[in-house]
Amino acid sequence: MMKKLFLLITIFVFATGVSVQTFKGEGSILGNLGYQTKYERSALGAQGRYVIANNLRIAPDLNLFFPKDKVTGLDVDINFHYVFNFSKDGQGFSVYPLAGIGMQNNFYGKRTITVDGESIEQKSNSTSKFAFNLGGGISLPLSAHSFLNAEAKFMFADEDNVVIMLGYGYKF
């Protein structure tokens, strides 16, 4: 009972600080560094954002996953964010849940593996799989035009994984 009461009070406090500050037509671009859990590899990414309705934005992104064990990745996603702005005296942060679709592309380099004591040479190949994305993020403004961002998304596909990205963005 106490936990429910605490949760209700917390929601009320945050809800009273919510204000609509994400307006139709706003855009931004981000550079990201991150990590992918399935292949345990680092990432470099870029994301664009465009507000299509107050507090609703479309956010396409492109993430390059650095090679690990001769496997390189390139994910292309289109996500939608619903933005909740928390502000006091013009200072604050925003959080957003996200949902979208993506394409996971992996490129496997030529390599030799050992099976039952016998060496087998595998040719290079690639795979592409569609994914459904669910996740969320938080943005912290640094100035009127720049901000820091943290985002995590679970990609549901044949090879499920989590992608965590930290970035710097410019709002125009």
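Sequence positions, counted from 1, serve as the residue numbers for this chain.
Residues S124 and F107 are not in side-chain contact: their nearest non-hydrogen atoms beyond the backbone lie 4.5 Å or more apart. In this structure, F65 and V163 have side chains that are in contact, with non-hydrogen atoms separated by less than 4.5 Å. Looking at heavy atoms from C-beta onward, V71 lies in side-chain contact with R41 at the 4.5 angstrom threshold. Annotation: side chain of R49 is in contact with side chain of S139 (closest heavy-atom distance under 4.5 Å). Side-chain contact between E151 and Q47: present, with at least one pair of heavy atoms (C-beta onward) separated by less than 4.5 Å. Proximity of N55 to N85: side-chain heavy atoms (C-beta onward) are separated by under 4.5 Å at one or more points. Contact annotation: the side chain of Y39 never approaches that of K68 to less than 4.5 Å [non-hydrogen atoms, C-beta and beyond].
For the ring-ring contact (aromatic ring centres under 6.0 Å, His included) test, residues two or more places apart in sequence or in another chain that qualify with Y96 are H81. F156 meets the ring-ring contact (aromatic ring centres under 6.0 Å, His included) test with F154; sequence neighbours excluded.
The CZ atom of R57 lies 9.0 Å from the CD atom of E26; values are rounded to the nearest 0.5 Å. Atoms CD1 and CG, from I78 and N133 in turn, are 10.5 Å apart once rounded to the nearest 0.5 Å. L44 contributes atom CG, which lies 8.5 Å from atom CG of N32 (distance to the nearest 0.5 angstrom). Interatomic distance, CG of N125 versus OH of Y108, reported as 7.0 Å (0.5 Å rounding). Between the OH atom of Y168 and the CZ atom of F147 there is a distance of 9.0 Å, given to the nearest 0.5 Å. A distance of 8.0 Å separates CD in Q104 from CG in D160, rounded to the nearest 0.5 Å.
No chain of hydrophobic side-chain contacts below 4.5 Å, direct or via other Ile, Leu, Val, Met, Phe, Trp or Tyr residues, connects V162 to I138. Each of L30 and Y170 belongs to its own hydrophobic cluster when Ile, Leu, Val, Met, Phe, Trp and Tyr are linked at side-chain heavy-atom distances under 4.5 angstrom. Note on V95 and L140: same hydrophobic cluster, where clusters join Ile, Leu, Val, Met, Phe, Trp and Tyr whose side-chain heavy atoms are under 4.5 Å apart, directly or indirectly.
N161 and T37 share no donor-acceptor pair across their side chains, judged by distance under 3.5 Å alone.
For the pair G100 and N79, the tightest heavy-atom approach, listed with the atom from each and the gap, is CA-OD1, 3.4 Å. A pairwise comparison of heavy atoms in T72 and P67 identifies OG1-CG, 3.3 Å as the closest pair. A157 and A131 make their closest contact through CB-CB, 3.8 Å (heavy atoms, listed as atom of the first residue, atom of the second, distance). Heavy atoms only, all atoms of each residue included: N105 and S128 are closest at OD1-OG, 2.5 Å. Residues V83 and S94 share a closest heavy-atom pair of CG1-CB, 3.8 Å. Closest of all the heavy-atom pairs between D77 and N63 is OD2-ND2, 4.0 Å.
The aromatic rings of F93 and F86 sit parallel, their planes meeting at an angle under 30°, below the 60° perpendicular limit. The aromatic rings of Y82 and F84 lie perpendicular to each other, with more than 60° between the two planes, well past the 30° mark.
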Output a table of donor-acceptor pairs, distance under 3.5 Å, between side-chain atoms of residues 109-120 and any protein atom two or more places apart or on a different chain; print 'none' if there are none.
| residue | atom | partner | partner atom | Å |
| --- | --- | --- | --- | --- |
| K110 | NZ | E121 | OE2 | 3.2 |
| R111 | NE | Q122 | OE1 | 3.2 |
| R111 | NH1 | D69 | O | 3.4 |

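A donor-acceptor pair is defined here as one N or O able to donate and one able to accept, closer than 3.5 Å; no such pair exists between the side chain of N106 and the backbone of T127. Without hydrogens or angle criteria, N54 side chain to K24 main chain gives a donor-acceptor distance under 3.5 Å.
Using a cut-off of 4.0 Å between Lys/Arg side-chain N and Asp/Glu carboxylate O, K153 and D61 are scored as salt-bridged.
Within 6.0 Å of the CG atom in L134, the count of heavy atoms belonging to other residues, nucleotides or ligands exceeds 12.
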